[in-house]
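Structure first, then comments.
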Amino acid sequence: MSDRINVRNLLEQKGQLSPDVVAIKTDGKIVDLHSFVDPTTTFDLVRATDKDGLQVIRHSTAHVMADAVQKLFPGTKVTIGPAIEDGFYYDFDKPGGGFTEEDLKKIEKTMRDIVKGNTPFRREVVSRNDALSLFEKMGETFKVEIIKSIPEGEEISLYKHGTHEKSSNYEKDWVDVCEGPHVPRTSNLGAVRLTSVAGAYWRGDERNPMLQRIYGTAFATQEALDEHLKLIEEAKARDHRKLGKELDLFLFDQVAPAMPFFLPRGAHIYNALVDYMRGLYAVHGYEEVITPQAFDPKLFRTSGHLGNYNENMYRLWTEDLLEDAVAKDKDGSEKSTVDFIKQLQDSSFAIKPMNCPSHCVIFGSRRRSYRELPWRVADFGRLHRYERGGVVHGLSRVRTFCQDDAHIFCTRAQVAEEIEKFIQLLYVAYKAFGFEKIDVKLALRPEKRIGTDADWDMSEGALAEGLRRAGLAFENLPGEGAFYGPKVEFHVQDALKRSWQLGTIQFDPNLPERFELDYVGEDGKEHRPVMLHRAVFGSLERFISVYIEHCGGNFPAWIAPMQAIVLTVSDKSEAYGRDVLARLKAHGFRVEADFSGDKLGAKIRNARSMRHPYMIILGEKDVEGGTVSVRSRDKGELGAMPYDQFVATLAEESKPPR
RNA sequence: GCCGCGAUAGCUCAGCGGUAGAGCAGUGCUUUCGUAAAGCACAGGUCGUCGGUUCAAGCCCGACUCGCGGCUCCA
């Protein structure tokens, strides 16, 4: 132990100490320059610009922010402040309410002063009791709780900053109990921006007190920070809620909270997605059904949803039902409110939150043979789920939606092959929409589950086998499966490198069991099938939100609500313009026109904002030559061309990519 | 559901105790124009809803509804 050496000194000896080195990585662990290691340790350097270095910078910046907050707002208690995906946060317990936007600016300014102070971070290992008494004395009750929760025998370290080497007045240091690692000096920080404030529960538990969280982000250089902020701006510009309004795709109204109204252009996209998927279903052996919207609650008692999912279901009542529920008991006594509600709950129809029970009803409606399996049954039924107020978000989390839902009833032996086939379908679809990078995850048995370990070995094995047959690399997610079975998740990366879970396929032996579904096997005996729940888009609403942001509203011609707009240079070409418009429409193209008195420049500007793939510009030259002048959204000005040439181009682009 | 913020014309937003505003969009007229905004005029609103304070409320206070940023949740 005595021959351990300070990392800074070790690097100095080796001549590897440079200003951009913020830590080292040894044995998979990031260790900062303040720590002590064995001098023979092998390691890699962690530089400020590395991914690991960024974590160190962000965590250290969180400390500096907490220091600034406590300087500016005395009495504020600190809790935790980790680095996260895009930056960092720190949770505070601030008396007298939250932070304002102005507060953030002040805090940023004070942080810059601390950075300019260029004081070193220092690590101190202390005993549990010393740590406890220190933070108890400071009144940092949350820190005391944290220290108490650190397992016995684990090293407890403090990190301090704020004192110049020349001075020895440690009293004014800002101190936090922290594992580290941290940058050498506050001057390693600086490219920082505080982005937002939000409430957050202590330890993420909604029964705990609400704390004030400040989010920020930090980078090694100002350039990197600026680039990140630009990406945030770009994401804002592509926000599907903004584009949905600008492009007249959909709207929301108080009369139906969190339920979208698809306008003609948005409805076109919605229908185009359904048509596209129906095309794939025809090739991949699916059959589509149409099922009821509202059900006797008995159905969901059988499926088990009424137990777990009741609070998310919409219910229906009718006048008859109300009268029955209000009616006096047989002995003539008044019904209690409790009885009234109970009777309503027992008898009021439930609007479906998912399609699977319907499909089980269909499967069980007659005798089935093994020859029918696998049976792939698709449903574009409208679903309703009551989502809590705070969780709804544009089209990505709504209360009514439509899944590209299908269920595959099959034998256990068929599962792996069905997984493989589904993956083929899914990859074709994702490619068509320009999603090239797909992460695949296999969610494995959770703590709370039904079925034997042997069942789970079989089902997890079948899913993994299907993935292997499809030639996919995948990540295991232990404990993330549904209570009845494992599932595969497909996450796509969009144009801004953000990841979204869209598709899924899940193994479910539970519903066939609850509905007592059987088929007659080759042996003439009855056997129970299993079912696979699967979706490629997930919900159409959510997929549309992701796709809008992925393409920035620049829909390719095969899916664009409007494929072209005819613009006339002046009234002199209007007759020709009307003729071209009519002919294009007769071909089945989606075309509109602007024959207004605006100047061409204005028409182009207006048309651009609607992001049509093509503008057809018609002036006197085109009238004379019988041509169309084409301006492509993606390729720029294409100049005058024969009408037929444009028709051929657009016809080609109107087909879904294969 | 919780913390914080917000709701003013179709859209984007200003006004923050004293007679409701701008730009764009819309309508009419003038202009007939070749690749990112022509000009003039007109019209458009119980300032989210309900209640309170005040001589006076879009503005201050409260409740509710809806939305936004998060948290929690998404069997």
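Computed from a prediction, not measured in an experiment: that's the story for all the values here.
Sorted by first then second residue, the ring-ring contact (aromatic ring centres under 6.0 Å, His included) pairs that include residues 589-628 of chain A, not counting sequence neighbours, are A/H587-A/F589, A/Y614-A/F646. Sorted by first and then second residue, the side-chain hydrogen bond (donor to acceptor under 3.5 Å, both in side chains) pairs with a member in residues 243-258 of chain A read A/K242-A/E246; sequence neighbours excluded.
Residues satisfying the ring-ring contact (aromatic ring centres under 6.0 Å, His included) criterion with A/H305, sequence neighbours excluded, are absent altogether. Evaluation of the side-chain hydrogen bond (donor to acceptor under 3.5 Å, both in side chains) rule for A/N312 yields no partner, not counting sequence neighbours. Annotation: ring-ring contact (aromatic ring centres under 6.0 Å, His included) contacts of A/Y90 (sequence neighbours excluded): A/F92.
Near RNA chain B, meaning a heavy atom under 4.0 Å from it, residues 568-575 of chain A has A/V569, A/S570, A/D571, A/K572 in order of number. For the contact set between residues 602-621 of chain A and RNA chain B, defined by any heavy atom under 4.0 Å, the members are A/A602, A/I604, A/R605, A/R608, A/I617, A/G619, A/E620, A/K621.
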Quick one: which protein N/O atoms are closer than 3.5 Å to N/O atoms of nucleotides 9-12 of chain B? Pair and distance per line, please.
{"from": "B/rU12", "atom 1": "OP1", "to": "A/K245", "atom 2": "NZ", "distance (Å)": "3.1"}

Below 3.5 Å between N/O atoms, which protein atoms pair up with nucleotides 40-43 of chain B? Just atom names and distances, please.
none

For nucleotides 63-75 of chain B, 5' to 3', base contacts (B), sugar-phosphate-only contacts (S) and non-contacts (-) with protein non-hydrogen atoms under 4.0 Å give --SSSSBBBBBBB
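Consecutive Watson-Crick or G-U pairs involving RNA chain B, each under 3.5 Å on both distances, make up stems of three or more pairs at B:1-7 with B:65-71, B:10-13 with B:21-24, B:26-30 with B:38-42, B:48-52 with B:60-64.
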Distance-only donor-acceptor hits, side chain of residues 256-269 of chain A, under 3.5 Å, sequence neighbours excluded:
{"from": "A/R265", "atom 1": "NH2", "to": "A/E592", "atom 2": "OE1", "distance (Å)": "3.1"}
{"from": "A/R265", "atom 1": "NH2", "to": "A/E592", "atom 2": "OE2", "distance (Å)": "3.3"}
{"from": "A/H268", "atom 1": "ND1", "to": "A/I559", "atom 2": "O", "distance (Å)": "3.4"}
{"from": "A/H268", "atom 1": "NE2", "to": "A/R590", "atom 2": "NE", "distance (Å)": "3.2"}
{"from": "A/H268", "atom 1": "NE2", "to": "A/R590", "atom 2": "NH1", "distance (Å)": "3.4"}

